[in-house]
Undergrad: 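Starting off with a structure, shown below.
Note that the numbering runs from 1 along the sequence shown for the chain.
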Amino acid sequence: MSDSSHSNDSSESPDRTPWKPVLLHAAFAAFAGLTALVTSLPPHRVWGTFAACAYGAAALVLALAPRVPRRAVAAGVFGGAALLPLAVLAATGSAQEEVGVVQRAGARLLAHGTPYLGPDELAGEEYGAYNPYLPGMALFGVPHRLLGVDARWAFALVALAALAVALRAGAGARSGAFALLAGSPLLAQPLVTGGDDLPVVGLVCLGLALAGRDRAARAGLVLALAGTLKATAWPALVVGLVLVAARGGPRAALRYGTRVVPVLAAGVLLPALADPGGFVANTVRYPLGLADAASPAAAPLPGTFLAGLGPYGHATAVALLAAAALAVGGSLVVRPPRDARAAQLRLALGLLAAMTLMPASRFGYLAYPAVLALCARCDLWRNDHAPHTDRHERLPAAPGRHRDIRARDGAPVPAG
């Protein structure tokens, strides 16, 4: 009886076809194949061709040879859908325009001490001459200037390392969560074609994971580093502060702030003061549509549609964006998140509203809320809402019995 019950409780027999992974990889293959067929962008066509083959092969292996270790399948998928097409595109120099922007910014940083062209140099230039990123992003272009290494390799290294640590930051992390996420189209496609958003969202996930484990100083450092790359990471600084304060109180918030302030000062404020004209022209006027060249970011999202209706439509989009920001900010005050999962979901909701309501947006920005939501739903972080500073805690004993000291997982702690 017990053997039969145990057999029925097991999720999968070694000889049973794992249909959920089969169907998932088949869907990945369909998406990649469709991308290769309909896109007009050469990097996306190359990725779609390689990825469709990798995902399709993985679906066949999982369906026909269920005994093959899942980690081996995941490694093959990542190699075929990410590493191989990235190597091909890096060798041929084919990439989205932001890769060239970052690489030129790195070269200019080394040559002139600033990653930005000045207002006079930008006069009459097309949008490709602008660098809308914050100063820290230029560091990803330095290896290309010094060693000829494509910036996408640096993007991938930082993003994957940060996500791997984030997914292991809590007890009970699934061993296959990172492999599945890394090889999925959500990460593989931008990693191969562009990838400048991936290190930002990776560091944000890691920072919130650390904040949820009461590592306030480390969380502040990681989130501040993300904040030196793109302004899209700044909402995470607020969410991280609220999470740290909710768990550890004012002292934890102070430790968090002592890391955030100097890093942002060194990575954003000082470069802005050193080259105020170039900083404002590239990172303020251009993203706001106030420069001579218009941003090509025009995905068919609600904010872009409203902005295209004229001045009143643009004002409506901005007003809706401000209202969404106030709503999410108010929720942080009324009901602050108390663990990493809640913080990530709250931030994902806020960024989703922002990305869809921005007057100039693109589909790539949706990677932020998508990755955050997936990380939050992986059951990776303990559901402990109360702050704690000690791995052991005293649990109240039943009446008439002595108190017992137990670890948070319920196991008795040996005396002495």
Undergrad: Considering all heavy atoms of both residues, which atom of F279 and which atom of P135 are nearest to each other, and what is their separation?
TA: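 In this case the closest contact between F279 and P135 is CE1-CD, 4.0 Å.
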Undergrad: Hey, does L163 have a side-chain heavy atom less than 4.5 Å from the side chain of V371?
TA: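 SC-SC contact between V371 and L163 confirmed.
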Undergrad: One pair to check against side-chain contact (heavy atoms from CB on, under 4.5 Å): Q344 and V239. What are the steps and the verdict?
TA: CA-CA 8 Å; Q344 288 185 332; V239 175; over 6 Å; no
Undergrad: C375 and side-chain contact (heavy atoms from CB on, under 4.5 Å): which single residue from L208, L206, L181, L345 fits?
TA: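 That would be L181; it is the only one of L208, L206, L181, L345 passing the side-chain contact (heavy atoms from CB on, under 4.5 Å) with C375.
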Undergrad: Check whether any side-chain heavy atom of K230 sits under 4.5 Å from a side-chain heavy atom of D196, and report yes or no.
TA: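 Of all side-chain heavy-atom pairs linking D196 with K230, at least one is under 4.5 Å.
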Undergrad: Does a side-chain heavy-atom distance below 4.5 Å link L210 with V165?
TA: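 Side-chain contact under 4.5 Å: no.
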Undergrad: Decide side-chain contact (heavy atoms from CB on, under 4.5 Å) for V46 and T193; before the verdict, give the C-alpha distance in whole Å, the side-chain angles of both, and the deciding distance to 0.1 Å.
TA: CA-CA 9 Å; V46 171; T193 59; over 6 Å; no
Undergrad: Any donor and acceptor pair, going by atom type alone, linking the side chain of T92 with main-chain N or O of L89 inside 3.5 Å?
TA: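 Side chain of T92 to backbone of L89, a donor-acceptor pair under 3.5 Å: yes, one is there.
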Undergrad: Just how far is it from atom CZ of F28 to atom CG of L180, taken to the nearest 0.5 Å?
TA: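 That separation rounds to 5.5 Å.
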Undergrad: Return the minimal non-hydrogen interatomic distance between L160 and A182, and the atom names on each side.
TA: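 Smallest interatomic distance, heavy atoms only, reads CD2-CB, 4.1 Å.
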Undergrad: Measure from the side-chain N and O atoms of E97 to the backbone N and O of G128, and report whether any donor-acceptor pair falls under 3.5 Å.
TA: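 It does not hold such a pair.
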Undergrad: Surrounding CD of E125 (heavy atoms of other residues, nucleotides or ligands, distance under 6.0 Å), is the total greater than 12?
TA: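 Above 12, so yes.
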Undergrad: When you look at R259 and L223, which way does the side-chain contact (heavy atoms from CB on, under 4.5 Å) test go after all the steps?
TA: CA-CA 9 Å; R259 298 301 189 275; L223 291 173; over 6 Å; no
Undergrad: Got a second to check how far Q189's CD is from L187's CG, nearest 0.5 Å?
TA: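 The CG atom of L187 is 10.5 Å from CD of Q189, to the nearest 0.5 Å.
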Undergrad: Kindly say whether N131 contributes a backbone atom to a donor-acceptor pair with the side chain of N282 at under 3.5 angstrom?
TA: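 Such a contact is found between N282 side chain and N131 backbone.
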Undergrad: I'd like to know if the side chain of T232 pairs up with that of Y365 as donor and acceptor (distance under 3.5 Å, no hydrogens or angles considered).
TA: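 Judged by distance alone, the side chains do not pair up.
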Undergrad: Counting only N and O atoms by type, is there a donor-acceptor contact under 3.5 Å from the side chain of R45 to the main-chain atoms of T39?
TA: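 Yes, R45 side chain to T39 backbone: donor-acceptor pair under 3.5 Å.
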Undergrad: Quick one, C205 and L372 - any side-chain contact, counting heavy atoms below 4.5 Å?
TA: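 Yes, at least one pair of side-chain atoms sits under 4.5 Å.
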Undergrad: Between T316, T356, L320, which is the residue that forms a side-chain contact (heavy atoms from CB on, under 4.5 Å) with P302?
TA: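 Answer to the side-chain contact (heavy atoms from CB on, under 4.5 Å) test with P302 among T316, T356, L320: T356.
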Undergrad: Side chains of F155 and L86, heavy atoms from C-beta outward: is any pair under 4.5 Å?
TA: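 Of all side-chain heavy-atom pairs linking L86 with F155, none is under 4.5 Å.
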Undergrad: Applying side-chain contact (heavy atoms from CB on, under 4.5 Å) to L117 and R108, what does each step give before you reach the verdict?
TA: CA-CA 8 Å; L117 293 173; R108 184 167 181 81; 3.5 Å; yes
Undergrad: Does L110 reach the side chain of L146, with side-chain heavy atoms less than 4.5 Å apart?
TA: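 In contact.
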Undergrad: Roughly how far, to the nearest 0.5 Å, is CG of L157 from CZ of F140?
TA: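 If we round to the nearest 0.5 Å, F140:CZ and L157:CG are 9.0 Å apart.
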Undergrad: Please report the C-alpha distance between R152 and D150 in whole Å, then the side-chain angles of each, then the deciding distance to 0.1 Å, and finally whether the salt bridge (charged side-chain N to carboxylate O under 4.0 Å, His left out) criterion is met.
TA: CA-CA 5 Å; R152 284 170 288 184; D150 193 287; 2.9 Å; yes
Undergrad: Which heavy-atom pair separates L351 from P369 by the least distance, and what is that distance?
TA: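 Of all heavy-atom pairs spanning L351 and P369, the closest is CB-CD, 4.3 Å.
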Undergrad: Measure the CH2-CG distance between W47 and L41 for me, rounded to the nearest 0.5 Å.
TA: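 One gets 12.5 Å once the value is rounded to the nearest 0.5 Å.
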Undergrad: Give me the ring orientation class for Y130 and Y286: parallel if the planes are under 30° apart, tilted from 30 to 60°, perpendicular past 60°.
TA: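 It falls in the parallel class, under 30°.
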Undergrad: Taking L229 as the fixed residue, which of L134, L203, V268 is the one that meets the side-chain contact (heavy atoms from CB on, under 4.5 Å) rule?
TA: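 Among the candidates, only L203 passes.
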Undergrad: Looking at R71 and P69, would you say the former's side chain and the latter's main chain have a donor-acceptor pair under 3.5 Å?
TA: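 No, R71 side chain to P69 backbone: no donor-acceptor pair under 3.5 Å.
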Undergrad: Looking only at heavy atoms, what is the nearest atom pair of A354 and L321, with distance?
TA: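 Residues A354 and L321, closest heavy atoms: CA-CD1, 3.5 Å.
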Undergrad: Out of curiosity, L347 CG to L243 CG, how far, rounded to the nearest 0.5 Å?
TA: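 If I round to the nearest 0.5 Å, the distance is 11.0 Å.
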Undergrad: Could you pull out the closest heavy-atom pair between P21 and R70, with the gap in Å?
TA: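 Heavy atoms of P21 and R70 come nearest at CG-NH1, 3.7 Å.
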Undergrad: Which heavy atom of Y55 sits nearest a heavy atom of H25, and at what distance?
TA: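 Smallest heavy-atom distance, with atoms named: CB-O, 3.5 Å.
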Undergrad: Is there a donor-acceptor pair under 3.5 Å between the side chain of R145 and the backbone N or O of A111?
TA: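 No; judged by distance alone, with no hydrogens or angles, the pair does not exist.
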Undergrad: With heavy-atom distances below 4.5 Å as the criterion, would you say the side chains of P115 and Y133 are in contact?
TA: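 In short, these two side chains do not touch, never coming nearer than 4.5 Å.
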Undergrad: CG of L270 to CG of D275: how many Å apart, nearest 0.5 Å?
TA: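 Those atoms lie 13.0 Å apart.
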Undergrad: Are L237 and L264 packed together at the side-chain level, in the sense that at least one heavy-atom pair is separated by less than 4.5 angstrom?
TA: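 When only atoms from C-beta onward are counted, L264 and L237 do touch, with a gap below 4.5 Å.
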